[in-house]
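Let me begin by presenting the structure, written as structure tokens, before commenting on it.
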Amino acid sequence: MRISVIGCGYLGAVHAACMAKLGHEVVGIDVDERKIAELSAARAPFFEPGLEELLGEVQETGRLSFSTDMAAAKGSAVHFICVGTPQKKGENGADLTYVDAATAALLPYLSPGEIVVGKSTVPVGTAARLAMTLEQAGLNAHLLWNPEFLREGHAVSDTLHPDRLVYGVAGGSEEHEAVQVLDKVYATPLESGTPRLVTDLPTAELVKTAANSFLATKISFINAMAELCDAVGADVTLLADAIGMDDRIGRKFLNAGIGFGGGCLPKDIRAFMARAGELGADQALTFLREVDAINMRRRTRVVELTRELCGNTLLGKRITVLGAAFKPESDDVRDSPALSIAAQLQLQGAVVTVTDPEALANAARRFPELHYEESTNSALNRADALLLLTEWREYRDLDPYETAALVSTPRILDGRNVLDASKWRAAGWTYRGLGRP
Ligand code: UGA
């Protein structure tokens, strides 16, 4: 099938490459010339494992191209809208400028019978509004909502092998003619047994925000338990193991630590609350305010613990932060808890050095006032305290004896509870976890 993918960020670039891998003829469109130049040269404009190899592979088949010109969408049977929906400046709501602009720009190139498929995370009600825009344009083109559940760091496999496909169509009927078209797009994952659900438009939009809200709630739940564990000297990691063995609860997303960040969970729960308010259902989501507050409190807690660890003062202390990305296998620093903690420590008088295998360039753009070191060893050199804030494999695998030889004082705060505390203590370290004795 001929497919256009509008918006080539984390979602769109991966989606375009994966659709080509599934055998479709795909054009990726974005207004950002630099991004399109990179993608056209089969280079990923951001770090995502497997993406660059996939771009190279599918570009050789001639099935994938990129353009800054929306006219390139002309003639595609399916148009995916994959643009960003960031948080509005100074407000909780989602900024729909890019979704609206992409749809408006696409209109002149649509032909009857084609389908427009939204994948961006949007406030419920957006799809119905865009469907109305298409209808008013008299195009006889259908609008569907097909939320995306990919995780950064696993984006390629999540797109090629999704755990479910959700199609939101007007009226919510399986018989809707566009359902068959989308079934052709996803023929390969469907044949391999991926479940698919057909819903109405608002349900499909809500599936996405509800899923992210649930994940955020799970993380904040365990972080609240970590606060209690700290108060009584219990161990939140064992608590999570034990409650996680109940498969109604499950162990995944129960890792207590510095909390969630990134371009999705934080802004999605806020946009969800804002939208509920507009719908007069704000009470239904007031618990998300608490989820957000617990999450933000983790960052302050780490700053306070670091102060304690350094003998109750941060002034002039050389602190090394291991990890800047919001999670491992990503160079994304949007709302990164690690960077936000690093910046706070620096503000409070510490001399902070940040290192990360992939995210330093993005981090330096966001917080130019911090000091960055590419080499882990140079970053460790003469540190008064280490903070492991993003659990990249290379930090989890640090040898406590070799590391002790590099630092000034062997003190470590394990912000992700991933190190073996007894091993580090045996090597002479003062070890602090979060919610661990
Ligand atoms: C999230 C969702 O997991 C995806 O399903 C969704 O498609 C995506 O948002 C999106 O809306 O596009 P992502 O932002 O890539 O994916 O990251 P997650 O893996 O969800 O992690 C989010 C944050 O939670 C990270 O900062 C991570 O370190 C933190 N986290 C995760 C914890 O603190 N504890 C955990 O147990 C798990």
Side-chain angles (χ1 to χ4, degrees), residues 7 9-15 46-49 82-87 94 119-122 146-159 162-166 205-226 236-237 239-241 243-244 249-272 291-292 294-299 301-302 323-341 356 359 388-392 395-396 414-418 434-435:
Y10 288 93
L11 166 57
V14 174
H15 194 68
F46 47 86
F47 176 76
E48 179 61 44
C82 295
V83 294
T85 50
Q87 187 173 339
K119 290 197 82 66
S120 311
T121 302
V122 290
N146 170 223
E148 178 57 56
F149 306 102
L150 67 80
R151 298 159 298 166
E152 286 179 27
H154 305 268
V156 172
S157 65
D158 284 352
T159 307
D163 47 18
R164 78 284 208 193
L165 288 162
V166 175
E205 292 166 306
L206 279 174
V207 168
K208 175 61 196 257
T209 26
N212 276 3
S213 298
F214 191 84
L215 294 171
T217 304
K218 221 175 161 187
I219 300 169
S220 278
F221 172 83
I222 202 66
N223 280 328
M225 294 304 113
V236 74
T237 60
L239 175 84
D241 289 344
I243 64 172
I249 296 174
R251 180 63 178 82
K252 289 181 186 162
F253 269 64
L254 283 184
N255 295 320
I258 62 173
F260 59 81
C264 303
L265 301 193
K267 65 114 174 140
D268 286 353
I269 60 170
R270 291 173 195 152
F272 201 15
V291 166
D292 203 359
I294 293 167
N295 192 52
M296 298 315 283
R297 213 150 64 215
R298 301 312 287 163
R299 304 178 184 188
R301 171 90 185 127
V302 170
F326 84 107
K327 69 173 191 182
E329 303 301 329
S330 170
D331 65 356
D332 194 348
V333 299
R334 286 177 293 171
D335 204 357
S336 163
L339 264 189
S340 131
I341 289 165
D356 188 286
L388 194 169
L389 299 186
T390 310
E391 68 278 33
W392 288 94
Y395 305 146
R396 302 167 73 131
D414 177 5
R416 299 288 187 171
N417 289 336
V418 289
L434 296 177

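Order of appearance sets the numbers: ligands from 1, and atoms from 1 within every ligand.
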| message | I'd like to know if the side chain of K267 and the backbone of T85 have a donor-acceptor N/O pair within less than 3.5 Å. | response | yes
| note | shortest atom 20 (O) of ligand 1-to-protein heavy-atom contact is with F253 CZ, 3.3 Å
| query | Of the protein's non-hydrogen atoms, which lies at the shortest distance from atom 25 (C) of ligand 1, and what is that distance? | reply | F326 O, 3.5 Å
| task | Please confirm whether C264 comes under 4.0 Å of ligand 1, counting heavy atoms of the residue only. | result | yes
| Just which atoms of ligand 1 are under 4.0 Å from any heavy atom in L254? | 36 (O)
| Are any side-chain N or O atoms of E48 and backbone N or O atoms of G153, one a donor and one an acceptor, separated by less than 3.5 Å? | yes
| note | The side-chain contact (heavy atoms from CB on, under 4.5 Å) partner of I258 among L388, N417, T390, L389 is L389
| task | Identify, by atom number and element, the atoms of ligand 1 in contact range of L215, meaning under 4.0 Å from any of its heavy atoms. | result | 2 (C), 3 (O)
| task | Please work out which of I219, L389, I258 has its closest non-hydrogen atom nearest to atom 31 (C) of ligand 1. | result | I219
| said: Side chain, backbone, both or neither: which applies to K208 and ligand 1 if a contact is any heavy-atom pair less than 4.0 Å apart? | reply: side chain
| field | Numbered atoms and elements of ligand 1 in range of D268, under 4.0 angstrom, heavy atoms | value | 11 (O)
| said: Within the structure, is a non-hydrogen atom of G257 found at a distance of less than 4.0 Å from ligand 1? | reply: no
| request: Using a cut-off of 6.0 Å, state whether more than 12 heavy atoms not belonging to F221 lie near its atom CZ. | output: no
| task | To the nearest 0.5 Å, tell me how far N255 CG sits from K218 NZ. | result | 9.5 Å
| said: How far is atom 8 (C) of ligand 1 from the closest protein heavy atom, and which atom is that? | reply: L150 O, 3.4 Å
| query | Any idea which atoms of ligand 1 are less than 4.0 Å away from a heavy-atom of E152? | reply | 15 (O)
| note | dist I294:CD1 -> F260:CZ (nearest 0.5 Å) comes out at 9.0 Å
| note | Rounded to the nearest 0.5 Å, the NE2 atom of H15 sits from the NZ atom of K119 at a distance of 4.5 Å
| field | Numbered atoms of ligand 1 (with element) below 4.0 Å of R416, judged on heavy atoms | value | 28 (O), 33 (O)
| request: Could you tell me whether a side-chain N or O of K327 sits under 3.5 Å from a main-chain N or O of G262, the two making a donor and an acceptor? | output: no
| Just by modelled atom types, is the V418 backbone N or O under 3.5 Å from a matching donor or acceptor in the E391 side chain? | no
| note | Among non-hydrogen protein atoms, atom 21 (O) of ligand 1 lies closest to K327 CD, 4.0 Å
| task | Do me a favour and list the nearest non-hydrogen protein atom to atom 36 (O) of ligand 1 with residue, atom name and distance? | result | N255 N, 2.9 Å
| task | Report the distance from atom CG of L11 to atom OG1 of T121, rounding to the nearest 0.5 Å. | result | 7.5 Å
| query | Which protein heavy atom lies closest to atom 2 (C) of ligand 1, and at what distance to 0.1 Å? | reply | N212 OD1, 3.6 Å
| Any donor-acceptor pair under 3.5 Å linking the side chain of S336 with the backbone of A324? | yes
| request: Using a strict 4.0 Å cut-off to heavy atoms of F260, name the atoms of ligand 1 that fall inside it. | output: 23 (C), 24 (O), 26 (O), 29 (C)
| Protein contact of atom 1 (C) of ligand 1 - nearest heavy atom, named by residue and atom, plus distance | L265 CD2, 4.0 Å
| Is a side-chain N or O of R251 found less than 3.5 angstrom from the main chain of L254, in a donor-acceptor match? | yes
| query | Can you tell me which residue and heavy atom of the protein come closest to atom 5 (O) of ligand 1, and the distance to 0.1 Å? | reply | F149 O, 3.0 Å
| Residue E148 vicinity, atoms of ligand 1 by number, heavy atom under 4.0 Å | 7 (O)
